[in-house]
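Only one structure is covered here, and it is reproduced in the block below.
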Amino acid sequence: MKKTKLFLTLSLVMLMSSFGFSQITGSDHDFSTENWNNTGEICIVCHTPHNADITVPDAPLWNHEVTQANFTLYDSPSFEGSATIGQPSGASKLCLSCHDGTVAMDNFGGRTNGGDFMTGGDLIGTDLSNDHPISFTYDAALATSDGGLYDPTTTNSGVGGTIDADFLLAGQLQCSSCHDVHNGAGLPNLLRVTNAGSALCLTCHDK
Ligand code: HEC
Ligand code: HEC
Ligand code: HEC
Ligand code: HEC
């Protein structure tokens with residue numbers, strides 16, 4: 001009996017440490033106690049089970065007003081991704097629907113007259129020319145032409161599968177390539193993997 005208990009306790013501890021308990025609750029994306037959110041809920045600011053906004057392709061049951069801003073894109077002479085980069089799409093467009101500062105945080109569930117806009121260090125704005133490029137294709141061909149990138153279809157991401165499977169969305173690099181909006185890893189800045197020693201950067205960049 002005692003042995004069974006010990007075994008169960010040990011298994012539980014092992015299970016807890018292998019999965020971790022990092023989650024959105026208590027993270028910077030837990031809006032349940034914000035004064036601009038009177039629902040007391042977390043998910044509802046971004047998702048709804050019914051009548052979701054389907055204007056952004058692949059948006060997961062989206063419930064937040066979507067940005068209409070026109071963004072200034074990243075460019076540089078050595079940036080090969082310029083061939084496929086476009087206005088922010090997919091998950092990035094959803095992130096920017098708060099982080100560009102043009103849509104109020106409390107504009108969810110059909111509301112469009114909210115007044116709580118993003119300010120301070122978390123504001124990315126509509127000028128993305130000074131930010132890591134997003135919404136472009138990162139594939140084997142890009143890795144070859146760039147010469148300083150790992151092939152995303154064969155290189156391990158460090159969290160289980162390939163870079164393509166774990167970090168890209170439909171073959172594109174997006175905000176979600178580096179960030180986990182739900183705080184799955186429990187790291188500062190909602191990162192997917194630690195950037196200690198620039199580990200995150202060195203997952204994709206062969207430097
Ligand atoms: C700040 C906005 C935000 C909040 C709050 C949020 N999500 Fe998400 N969620 C997203 C975005 C953006 C995506 C798109 C995929 C991605 O970026 O990982 C997503 C994707 C998803 C998906 C599909 C992909 C996946 O990760 O499985 C599910 C399921 C999901 N969210 C559930 C939830 C639940 C449940 C909650 C509340 C506990 C929640 N989300 C809270 C923004 C949010
Ligand atoms: C290539 C990886 C990468 C991409 C893509 C990326 N980020 Fe980040 N982001 C980071 C890292 C790393 C940090 C931590 C910065 C630091 O420690 O100085 C960060 C920090 C942040 C912060 C915290 C404030 C700050 O500036 O330090 C916000 C907010 C943020 N990112 C939002 C976004 C949004 C929104 C997008 C998409 C438009 C995005 N990020 C795309 C890697 C990335
Ligand atoms: C509903 C609005 C909303 C959406 C959508 C949203 N965020 Fe945020 N995000 C916030 C707010 C508000 C904060 C700041 C919270 C605070 O400082 O209390 C924040 C903070 C952050 C931070 C800083 C975390 C830290 O530890 O400092 C990062 C990184 C970030 N968001 C990335 C993203 C990414 C990536 C997406 C899309 C996948 C996204 N956010 C979507 C509202 C949003
Ligand atoms: C998920 C993969 C991935 C991660 C993680 C990542 N990058 Fe990138 N990064 C890319 C790709 C792909 C490009 C496009 C390269 C090209 O087309 O020239 C790029 C472009 C860049 C560029 C611009 C290159 C140019 O020629 O203008 C810089 C600088 C850069 N990354 C630095 C970083 C840093 C610093 C980090 C860590 C904070 C980081 N990257 C994390 C994939 C990634």
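Each ligand, and each atom within it, is numbered from 1 in the order the structure gives. Here the structure is a predicted model, which is why all the values come from computation and not from measurement. Starting from 1, each residue takes its place in the sequence as its number.
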### Message
Quick test: of every protein heavy atom, which one is nearest to atom 28 (C) of ligand 3, and how far off is it to 0.1 Å?
### Response
L190 CD1, 3.6 Å
### Task
Using 2.8 Å as the cut-off, note every protein N, O or S atom close to atom 8 (Fe) of ligand 2.
H179 NE2
### Task
Measure the distance from atom 34 (C) of ligand 3 to every protein heavy atom, then report the residue, atom name and distance (to 0.1 Å) of the closest one.
C95 SG, 3.4 Å
### Sub-3.5 Å N/O-N/O distance, W36 and ligand 3
no
#### Entry: Neighbouring protein N, O or S atoms of atom 8 (Fe) of ligand 1, below 2.8 Å
2
### Message
Any atom of ligand 1 sitting under 4.0 Å from a heavy atom of V45?
### Response
no
### Heavy-atom donor-acceptor pair, N37 side chain to E41 backbone, under 3.5 Å
yes
### Task
Kindly determine whether S176 and V181 satisfy side chain to side chain contact (heavy atoms under 4.5 Å, CB included), including the steps that lead there.
CA-CA 7 Å; S176 313; V181 69; 5.9 Å; no
### Query
Among all protein non-hydrogen atoms, which one is nearest to atom 11 (C) of ligand 2, and what is the separation to 0.1 Å?
L191 CD2, 3.8 Å
## Note on the structure
Per-atom filter on ligand 3: closer than 4.0 angstrom to a heavy atom of H64 are 1 (C)
### Query
Just by distance, do the side chain of D116 and the backbone of W36 share a donor-acceptor pair under 3.5 Å?
no
### Message
Quick check on contacts: which atoms of ligand 3 are under 4.0 angstrom from a heavy atom of S176?
### Response
38 (C)
### Task
Would you please test M105 and E34 for side chain to side chain contact (heavy atoms under 4.5 Å, CB included) and show each step?
CA-CA 10 Å; M105 244 91 73; E34 296 288 348; over 6 Å; no
### Query
From atom 8 (Fe) of ligand 3 out to just under 2.8 Å, does an N/O/S atom of C98 turn up?
no
#### Entry: Enumerated ligand 1 atoms positioned under 4.0 Å from heavy atoms of I42
5 (C)
### Task
Give the atoms of ligand 3, by number and element, whose distance to some non-hydrogen atom of M118 is under 4.0 Å.
10 (C), 11 (C), 12 (C), 42 (C)
#### Entry: Numbering as shown, the atoms of ligand 3 that approach L94 to under 4.0 Å (heavy-atom distance)
5 (C)
### Summary
the protein heavy atom lying closest to atom 24 (C) of ligand 3 turns out to be D28 OD2, 3.2 Å
### Query
Is it the side chain (CB and beyond), the backbone, both or neither of L173 that lies under 4.0 Å from ligand 2, heavy atoms counted?
side chain
### Message
Less than 3.5 Å apart, any donor N or O on the side chain of S135 or Q172 sitting next to an acceptor on the other?
### Response
no
### Message
With side chain to side chain contact (heavy atoms under 4.5 Å, CB included) as the criterion, how do L94 and C46 come out once you've worked through the C-alpha distance, each side chain's angles and the decisive distance to 0.1 Å?
### Response
CA-CA 9 Å; L94 305 180; C46 296; over 6 Å; no
### Task
Establish whether atom 17 (O) of ligand 1 and some protein heavy atom are separated by less than 4.0 angstrom.
yes
Compile the donor-acceptor pairs under 3.5 Å between side chains in residues 124-134 and protein atoms, sequence neighbours left out, one pair per line.
residue	atom	partner	partner atom	Å
D127	OD1	S129	N	2.9
D127	OD1	S129	OG	2.6

### Message
My understanding is that only residues two or more places apart in sequence, or in another chain, count here; which of them pass salt bridge (charged side-chain N to carboxylate O under 4.0 Å, His left out) with D106?
### Response
R111
### Query
How about atom 30 (C) of ligand 1: does it have a protein heavy atom within less than 4.0 Å?
yes
### Query
Between the side chains of S157 and D166, does any donor sit under 3.5 Å from an acceptor?
yes
### Query
Does N63 offer a backbone N or O that forms a donor-acceptor pair with the side chain of H47 under 3.5 Å?
no
### Query
Is the ring centre of F136 less than 6.0 Å from the ring centre of F79?
yes
### Message
Tell me the protein heavy atom at minimum distance from atom 15 (C) of ligand 1, and give that distance in Å.
### Response
A91 CB, 4.5 Å
### Query
Is there side-chain contact between D100 and F71, with heavy atoms separated by less than 4.5 Å?
yes
### Task
Could you tell me whether a side-chain N or O of H182 sits under 3.5 Å from a main-chain N or O of Q23, the two making a donor and an acceptor?
no
### Message
Donor-acceptor check, side chain of S145 to backbone of L142, threshold 3.5 angstrom: yes or no?
### Response
yes
### Message
Using a 4.0 Å cut-off to any heavy atom of H99, which atoms of ligand 3 qualify?
### Response
6 (C), 7 (N), 8 (Fe), 9 (N), 10 (C), 19 (C), 20 (C), 21 (C), 30 (C), 31 (N), 32 (C), 33 (C), 39 (C), 40 (N), 41 (C), 42 (C), 43 (C)
### Task
With heavy atoms under 4.0 Å as the rule, classify the contact between F31 and ligand 3 as side chain, backbone, both or neither.
side chain
### Query
Does one side chain, of T25 or D30, offer a donor that lies under 3.5 Å from an acceptor on the other?
no
#### Entry: T162 (side chain) donor-acceptor with A165 (main chain) under 3.5 angstrom
yes
### Task
Please check if atom CG in N113 has more than 12 non-hydrogen atoms from other residues, nucleotides or ligands closer than 6.0 Å.
yes
### Message
To check your reading of the model: name the closest protein heavy atom to atom 23 (C) of ligand 3, its residue, and the distance in Å.
### Response
D122 OD1, 3.6 Å
### Message
Within the protein, is there a heavy atom lying under 4.0 Å from atom 7 (N) of ligand 2?
### Response
yes
### Query
Among G121, G125, C201, which residue places a heavy atom closest to atom 25 (C) of ligand 2?
G121
### Task
Using a 4.0 Å heavy-atom threshold (strictly under), name the region of F108 that reaches ligand 1: side chain, backbone, both or neither.
neither
#### Entry: Short N or O distance, H29 and ligand 3, threshold 3.5 Å exclusive
yes
### Query
Between T48 (side chain) and I44 (backbone), is there a donor-acceptor pair under 3.5 Å?
no
### Task
Tell me, with the steps shown, if V159 and V193 meet side chain to side chain contact (heavy atoms under 4.5 Å, CB included).
CA-CA 8 Å; V159 297; V193 299; 3.4 Å; yes
### Message
Tell me if a side-chain donor or acceptor on D180 pairs with a main-chain N or O of R192 at a distance below 3.5 Å.
### Response
no
#### Entry: Protein heavy atom under 4.0 Å of atom 2 (C) of ligand 1
yes
### Query
Any donor-acceptor pair under 3.5 Å linking the side chain of T144 with the backbone of A140?
yes
